[in-house]
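What you see below is based on every heavy atom in this structure, not just the backbone, and it leaves out hydrogens, waters and symmetry mates.
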Amino acid sequence: MPETPQEVLKLIKDNNIQIIDLKFIDMPGIWQHCSFYYDQIDESSFSDGVPFDGSSIRGWKAINESDMSMVPDPTTAWIDPFFAEPTLSMICSIKEPRTGEWYSRDPRSIAAKAVDYLRSTGLGDTAFFGPEAEFFVFDDVRFDQAENKSYYYVDSVEGRWNSGKEEAGGNLGYKPRYKEGYFPVPPTDTIQDMRTEMLLTMGKCGVPIEKHHHEVATGGQNELGIRFDTLIKSADNLMIYKYVIKNVAKKYGKTVTFMPKPLFNDNGSGMHTHQSIWNNGQPLFWGDGYANLSKMALNYIGGLLRHAPALLALTNPTTNSYKRLVPGFEAPVNLAYSQGNRSASIRIPLSGTNPKAKRLEFRCPDATCNPYLAFAAMLCAGIDGIKNEIDPGEPLDVDIYDLSPEELSKVPSTPGSLEAALENLEKDHSFLTDSGVFTEDFIENWIEYKLDNEVNPMRLRPHPYEFALYYDV
């Protein structure tokens with residue numbers, strides 16, 4: 001993979017590439033792109049950027065101050081596998097062209113500031129992140145919303161609800177049972193070949209790949225494993241992950257969603273996120289404390305747990321996120337840490353005697369998050385825990401179902417809604433802003449955007465289930 005602007009330009013010339021596709025992420029977390037003829041990209045593009053109008057990007061500029069520049073990162077260059085014409089893709093950060101400053105609402109620039117902040121503290125020089133994003137593959141999706149109607153419909157050949165359906169050629173009956181879709185072999189697992197193509201395609205795009213498998217829920221829940229990397233690189237890789245999976249599925253006539261809870265009454269899709277801090281090539285989370293954690297690691301956990309109610313406004317940023325975070329579906333609703341308890345929000349994975357494998361796994365996030373913002377916020381919370389020596393308390397190493405109601409009431413839990421998480425963020429965000437990683441303007445804009453575009457519109461609309469409950473009252 002190229003490392004410098006000169007190497008990228010040589011790659012373009014040597015491969016006779018005529019189209020350059022520049023991608024960047026909007027505030028909620030969706031990739032945007034614009035394609036340029038190759039002669040529009042030169043060495044200055046990698047420092048000054050390429051101009052564009054930012055007024056139509058969600059949560060960004062007003063129409064009277066819309067000039068922006070996207071600055072491609074040469075280390076992110078890869079050949080896009082989905083275009084007919086050979087096309088070089090690069091991921092960009094956003095600059096203010098008049099000042100030359102990185103744009104304070106650009107998620108990738110915020111992530112870069114989080115890495116700089118870590119280094120400025122002297123605590124470490126590298127933060128590693130490893131996301132595990134789950135998703136559903138459906139054969140059909142339909143939804144609509146109007147003044148007099150509201151509905152959704154999803155379907156999958158693997159859906160247990162289709163066990164009695166008449167199917168072309170006959171119903172063969174191989175449908176994963178609810179909550180029993182983990183690791184079945186074909187023919188119950190119908191998506192093996194497609195997942196393999198997804199994984200190998202990601203590898204060709206430069207993502208370090210590891211594995212793939214079916215997940216717990218019926219109806220086509222899956223996960224592909226990618227290797228951990230530095231904070232920004234992992235966020236880049238996750239965006240490629242989502243892009244590749246959706247486009248490969250489309251080739252097969254299927255559709256993918258990363259919605260945390262698209263199905264009622266079965267497991268939702270999360271994004272367990274592994275993280276650790278290193279310095280000078282040495283891991284700092286290995287030690288002689290609980291589960292072989294260092295004091296730094298335990299304090300990092302303390303920071304995540306203390307700020308979790310606010311943190312989830314960025315790591316679980318949709319109203320649908322909180323339909324996953326409910327008891328009974330392997331969801332991490334308890335704000336506690338443990339070596340093996342998967343209902344705890346922080347788990348310490350097995351690492352044997354290898355200090356380099358020592359890490360923690362924050363299990364709350366889901367893949368509707370903007371990864372640059374989510375990873376940056378988690379790092380800021382962890383650093384706050386280290387700097388202030390926040391004690392995470394005792395681990396939750398008991399079976400949560402064996403606890404009495406009185407004992408369970410003492411275990412803090414995740415917020416019950418996006419609105420509650422946003423309220424917590426409004427009250428608790430100095431751990432994000434005091435360092436300068438996030439600005440007050442960004443936090444205010446995020447809360448306002450989420451309330452105006454998601455929370456309040458949901459509050460105003462009747463839910464279909466309300467008709468079942470109340471129509472004949």
Next on the checklist: With rounding to the nearest 0.5 angstrom, report the OG1 to CG distance, Thr273 to Leu360.
Outcome noted: 10.0 Å
Item to check | Leu22 and Ile20, any side-chain heavy atoms less than 4.5 Å apart | outcome: yes
Next on the checklist: Could you tell me if Ser44 and Ser47 have a donor-acceptor pair between their side chains, going purely by distance under 3.5 Å?
Outcome noted: no
Checklist entry - Any donor-acceptor pair under 3.5 Å linking the side chain of Thr315 with the backbone of Ala374? => result no
Checklist entry - Which pairs count as salt bridge (charged side-chain N to carboxylate O under 4.0 Å, His left out) when at least one residue sits in residues 344-363, sequence neighbours excluded? => result Arg347-Glu361, Glu361-Arg363
Checklist entry - Any side-chain donor paired with an acceptor under 3.5 Å for Asp26 and Gln32? => result yes
Checklist outcome for this item: Those residues at least two apart in sequence (or on a different chain) that pass side chain to side chain contact (heavy atoms under 4.5 Å, CB included) with Glu101 are Thr99
Item to check | Ring centers of Tyr182, His213 separated by less than 6.0 Å | outcome: yes
Next on the checklist: Counting C-beta onward and ignoring hydrogens, is there a side-chain heavy-atom pair between Met90 and Val8 closer than 4.5 Å?
Outcome noted: yes
Item to check | Which residues share a ring pair (Phe, Tyr, Trp, His ring centres under 6.0 Å) with Trp102, sequence neighbours left out | outcome: none
Next on the checklist: Whether the side chain of Tyr322 engages the backbone of Asn316 through a donor-acceptor N/O pair (distance < 3.5 Å, no angle test) should be reported.
Outcome noted: yes
Next on the checklist: Tell me every residue that passes ring pair (Phe, Tyr, Trp, His ring centres under 6.0 Å) with His33, counting only those two or more places apart in sequence or in another chain.
Outcome noted: none
Checklist entry - Under 30°, 30 to 60°, or over 60°: which ring-plane class applies to Phe24 and Trp60, parallel, tilted or perpendicular? => result parallel
Next on the checklist: Treating Trp78 as the side-chain partner and Thr76 as the backbone partner, does any N or O pair qualify as donor plus acceptor under 3.5 Å?
Outcome noted: yes
Checklist entry - Are the side chain of Asn388 and the backbone of Ile390 linked by a donor-acceptor contact shorter than 3.5 Å? => result no
Checklist entry - Which salt bridge (charged side-chain N to carboxylate O under 4.0 Å, His left out) pairs, counting each pair once, include a residue from residues 445-458, with sequence neighbours left out? => result Lys450-Glu454
Next on the checklist: Pairing donors with acceptors under 3.5 angstrom, does anything connect the side chains of Gln192 and His214?
Outcome noted: no
Checklist entry - Taking only residues at least two apart or on different chains, which pairs with a member in residues 310-319 satisfy salt bridge (charged side-chain N to carboxylate O under 4.0 Å, His left out)? => result none
Item to check | Side chain to side chain, Met296 and Leu298, heavy atoms closer than 4.5 Å | outcome: no
Checklist entry - Going through the checks in order, is the side chain to side chain donor-acceptor pair (under 3.5 Å) test met by Asn320 and Thr318? => result CA-CA 5 Å; Asn320 189 251; Thr318 69; 5.2 Å; no
Next on the checklist: Test side chain to side chain contact (heavy atoms under 4.5 Å, CB included) on Ser69 and Phe52; report intermediate values, then the result.
Outcome noted: CA-CA 6 Å; Ser69 292; Phe52 74 102; 5.7 Å; no
Next on the checklist: Within the structure provided, determine whether Tyr449 and Arg58 are in side-chain contact (heavy-atom separation under 4.5 Å).
Outcome noted: yes
Next on the checklist: Is the ring pair Phe431/His307 parallel, tilted or perpendicular, if the boundaries are 30 and 60 degrees?
Outcome noted: parallel
Checklist entry - Quick one: NE2 on His274 to NE2 on His272, what's the gap to the nearest 0.5 Å? => result 8.0 Å
Checklist entry - Does anything in residues 370-391 pair up under ring pair (Phe, Tyr, Trp, His ring centres under 6.0 Å), and if so which pairs, sequence neighbours excluded? => result Phe129-Phe375
Next on the checklist: Can you pull out every ring pair (Phe, Tyr, Trp, His ring centres under 6.0 Å) where at least one residue sits in residues 332-355? Sequence neighbours excluded, please.
Outcome noted: Tyr290-Tyr337
Next on the checklist: Please check: side-chain N/O of Asn247 versus main-chain N/O of Tyr243, any donor-acceptor pairing under 3.5 Å?
Outcome noted: yes
Item to check | Worked check of side chain to side chain contact (heavy atoms under 4.5 Å, CB included) between Asp236 and Arg108 | outcome: CA-CA 9 Å; Asp236 290 343; Arg108 200 167 188 269; 2.8 Å; yes
Checklist entry - Is the side chain of Asp229 donor-acceptor paired with the backbone N or O of Arg227 at a distance under 3.5 Å, no angle test? => result no
Item to check | Residue pair Met27 / Asn370, side-chain heavy-atom distance below 4.5 Å | outcome: no
Checklist entry - For Arg119, which residues count as a side chain to side chain contact (heavy atoms under 4.5 Å, CB included) partner, sequence neighbours excluded? => result Val115, Asp116, Asp125
Item to check | Heavy-atom closest pair, residues Val216 and Gln221 | outcome: N-OE1, 3.4 Å
Checklist entry - Would you find more than 12 non-hydrogen atoms of other residues, nucleotides or ligands less than 6.0 Å from Asn354 atom CG? => result yes
Next on the checklist: With heavy-atom distances below 4.5 Å as the criterion, would you say the side chains of Thr121 and Ile383 are in contact?
Outcome noted: yes
Item to check | All salt bridge (Lys or Arg N to Asp or Glu O under 4.0 Å) counterparts of Glu197, not counting sequence neighbours | outcome: Lys251
Checklist entry - In terms of side-chain heavy atoms, does Asp80 have a donor or acceptor partner in Thr87 at a distance below 3.5 Å? => result no
Next on the checklist: According to salt bridge (charged side-chain N to carboxylate O under 4.0 Å, His left out), does anything in residues 377-393 pair up with another residue at least two apart or in another chain? List the pairs.
Outcome noted: Lys295-Glu389
Checklist entry - Considering all heavy atoms of both residues, which atom of Pro317 and which atom of Leu418 are nearest to each other, and what is their separation? => result O-CD2, 3.6 Å
Next on the checklist: For the backbone of Gly59 and the side chain of Arg105, can you confirm whether one donor and one acceptor N or O come within less than 3.5 Å of each other?
Outcome noted: yes
Checklist entry - Is it true that the NZ or CZ of Lys254 lies under 6.0 Å from the centre of Phe138's six-membered ring and within 45 degrees of the ring axis? => result no
Next on the checklist: Counting C-beta onward and ignoring hydrogens, is there a side-chain heavy-atom pair between Pro262 and Val154 closer than 4.5 Å?
Outcome noted: no
Checklist entry - What are the two closest heavy atoms between Asp366 and Ser321, and how far apart are they? => result OD2-OG, 2.8 Å
Checklist entry - Do the side chains of Leu224 and Arg195 get nearer than 4.5 Å, heavy atoms only? => result yes
Next on the checklist: Applying salt bridge (Lys or Arg N to Asp or Glu O under 4.0 Å), can you list everything that pairs with Glu180, at least two apart in sequence or on another chain?
Outcome noted: Arg177
Item to check | Exercise: identify the closest heavy-atom pair between Cys205 and Val244 | outcome: SG-CG2, 4.2 Å
Item to check | Donor-acceptor contact present, side-chain Glu223 to main-chain Phe135, <3.5 Å | outcome: no
Next on the checklist: Can a donor-acceptor pair be found, under 3.5 Å and without considering hydrogens, that links the side chain of Ser89 to the backbone of Ile79?
Outcome noted: no
Item to check | Intermediate values then yes/no, side chain to side chain contact (heavy atoms under 4.5 Å, CB included), Val71 and Ile94 | outcome: CA-CA 6 Å; Val71 183; Ile94 307 301; over 6 Å; no
Next on the checklist: Using modelled atom types and a 3.5 Å cut-off, is there a donor and acceptor pairing between side-chain atoms of Asn299 and backbone atoms of Gly302?
Outcome noted: no
Next on the checklist: I'd like to know whether Leu373 forms a side chain to side chain contact (heavy atoms under 4.5 Å, CB included) with Ile110, so could you lay out the CA-CA distance, the side-chain angles of the two residues, the decisive distance to 0.1 Å, and finally the verdict.
Outcome noted: CA-CA 7 Å; Leu373 301 177; Ile110 290 171; 3.8 Å; yes
Next on the checklist: Minimum heavy-atom separation for Ile277 and Ile386, please, with both atom names.
Outcome noted: CD1-CD1, 4.0 Å
Item to check | Over all atoms of both residues, closest heavy-atom pair of Ala376 and Ala111 | outcome: CB-CA, 4.1 Å
Item to check | Leu305 CG to Tyr300 OH distance, which is reported to the nearest 0.5 Å | outcome: 11.5 Å
